[in-house]
2 protein chains.
Amino acid sequence: MASRLEADSVHWRSVCPIASGLDVLGDKWSLVIVRDLLEHESRTYSQFCESPEGISTNILAARLKSLTVLGIIEHVDLDRPARNNAYRLTTSGLELRPILEEVARWSQKNLRELHPEIVTIL
Amino acid sequence: MASRLEADSVHWRSVCPIASGLDVLGDKWSLVIVRDLLEHESRTYSQFCESPEGISTNILAARLKSLTVLGIIEHVDLDRPARNNAYRLTTSGLELRPILEEVARWSQKNLRELHPEIVTIL
DNA sequence: CCGCATCCGTTACGATACTG
DNA sequence: CAGTATCGTAACGGATGCGG
């Protein structure tokens, strides 16, 4: 109940835009959630849970909350709470697409040796 | 001494190239180190410590090790150990540049409200 | 000194069970 | 269905030690 995420104050390590971007996106799950929303337009809580990476429910809830506070995602129906109310990307969130495309490109080119099962997309 | 990083076995959450990229780059420090090496060509251990984000020494050592195992960075002089032997990006590491450029662009455009002190680069 | 490794308290993560 | 509560584990972060 007393989670510090309520007033989601990011700790900005510096004024560098790269470091600041990583202050909000630099974890293992936020951009996976964004990926799902780029692929599917909108997703409910349980649909996120079905993704093959298998996020646990508390992490998902925390990330959805912080991404919402950051203005990257929002509920599809803005003022009806929760039940079957899917999430979608905001304008800010949609602009993350080039980052994910570059991550995918880099991984496909540079991770195949370490991770042969990786698939090719796009 | 018994650090599990010796045989750096990444846990691949899925076969998705985006998730796999985040399996290795999805933390707050790895790409900050890469940023320093894109800006400065080569950096020593203590030069990394001088960056404004203030990485702590144990985290720095761990990240340098895992980035080396992943083939993203290497020592400038490949077979002389440690002392004043700077790090540089490998070919794989140099190819991370587009990702960081997109992160910088996104942050400059979408983080200014939350973080007014953020600076503009490029 | 420089490049770490170790210790240790704090924070984040992850699996599972549970609730409105 | 959409989250919380709980609790064990792993990562982080600061201080400090130590070998070359």
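Every chain is numbered from 1, with letters handed out A, B, ... down the list of sequences.
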> A/Thr57 or B/Arg83: which one's nearest nucleotide on DNA chain C is closer to the 5' end?
Replying inline: B/Arg83
>> Rounded to whole Å, please give me the gap between CZ in A/Arg13 and C1' in D/dG13.
In response: 13 Å
>> Counting only side-chain heavy atoms from C-beta out, which of D/dT6, C/dA12, C/dA5 sits nearest to A/Arg63?
In response: C/dA12
> From the list C/dC4, D/dG13, C/dG14, which nucleotide is the closest neighbour of the side chain of B/Asn58?
Replying inline: D/dG13
>> Using whole Å, what does the distance between atom P of nucleotide D/dA15 and atom CD1 of B/Ile55 come to?
In response: 16 Å
> Honestly, is B/Arg13 close enough over A/Trp29, meaning NZ or CZ under 6.0 Å from the six-membered ring centre and within 45° of the axis?
Replying inline: yes
> In terms of side-chain heavy atoms of A/Asn84, which of D/dA2, C/dT6, D/dG3 is nearest?
Replying inline: D/dA2
> What is the nucleic acid contact for A/Ser46, judged by heavy atoms within less than 4.0 Å: base, sugar-phosphate only, or nothing?
Replying inline: sugar-phosphate
>> Whole angstroms only, please: what is the CD-P distance between A/Glu50 and D/dC1?
In response: 9 Å
> Out of D/dG13, C/dT16, C/dC2, which has the shortest distance to the side chain of A/Ser56?
Replying inline: C/dT16
> Within this structure, what is the CG-to-P distance between B/Asn85 and C/dC1, rounded to whole angstrom?
Replying inline: 21 Å
> What is the nucleic acid contact for B/Phe48, judged by heavy atoms within less than 4.0 Å: base, sugar-phosphate only, or nothing?
Replying inline: nothing
> For B/Arg43 and C/dC4, what is the distance between atoms CZ and P respectively, to the nearest whole Å?
Replying inline: 15 Å
>> Heavy atoms from C-beta onward define the side chain here; which of D/dG3, C/dA5, C/dC13 lies closest to that of B/Ala61?
In response: C/dA5
>> Counting only side-chain heavy atoms from C-beta out, which of C/dC13, C/dC4, D/dC12 sits nearest to B/His75?
In response: C/dC4
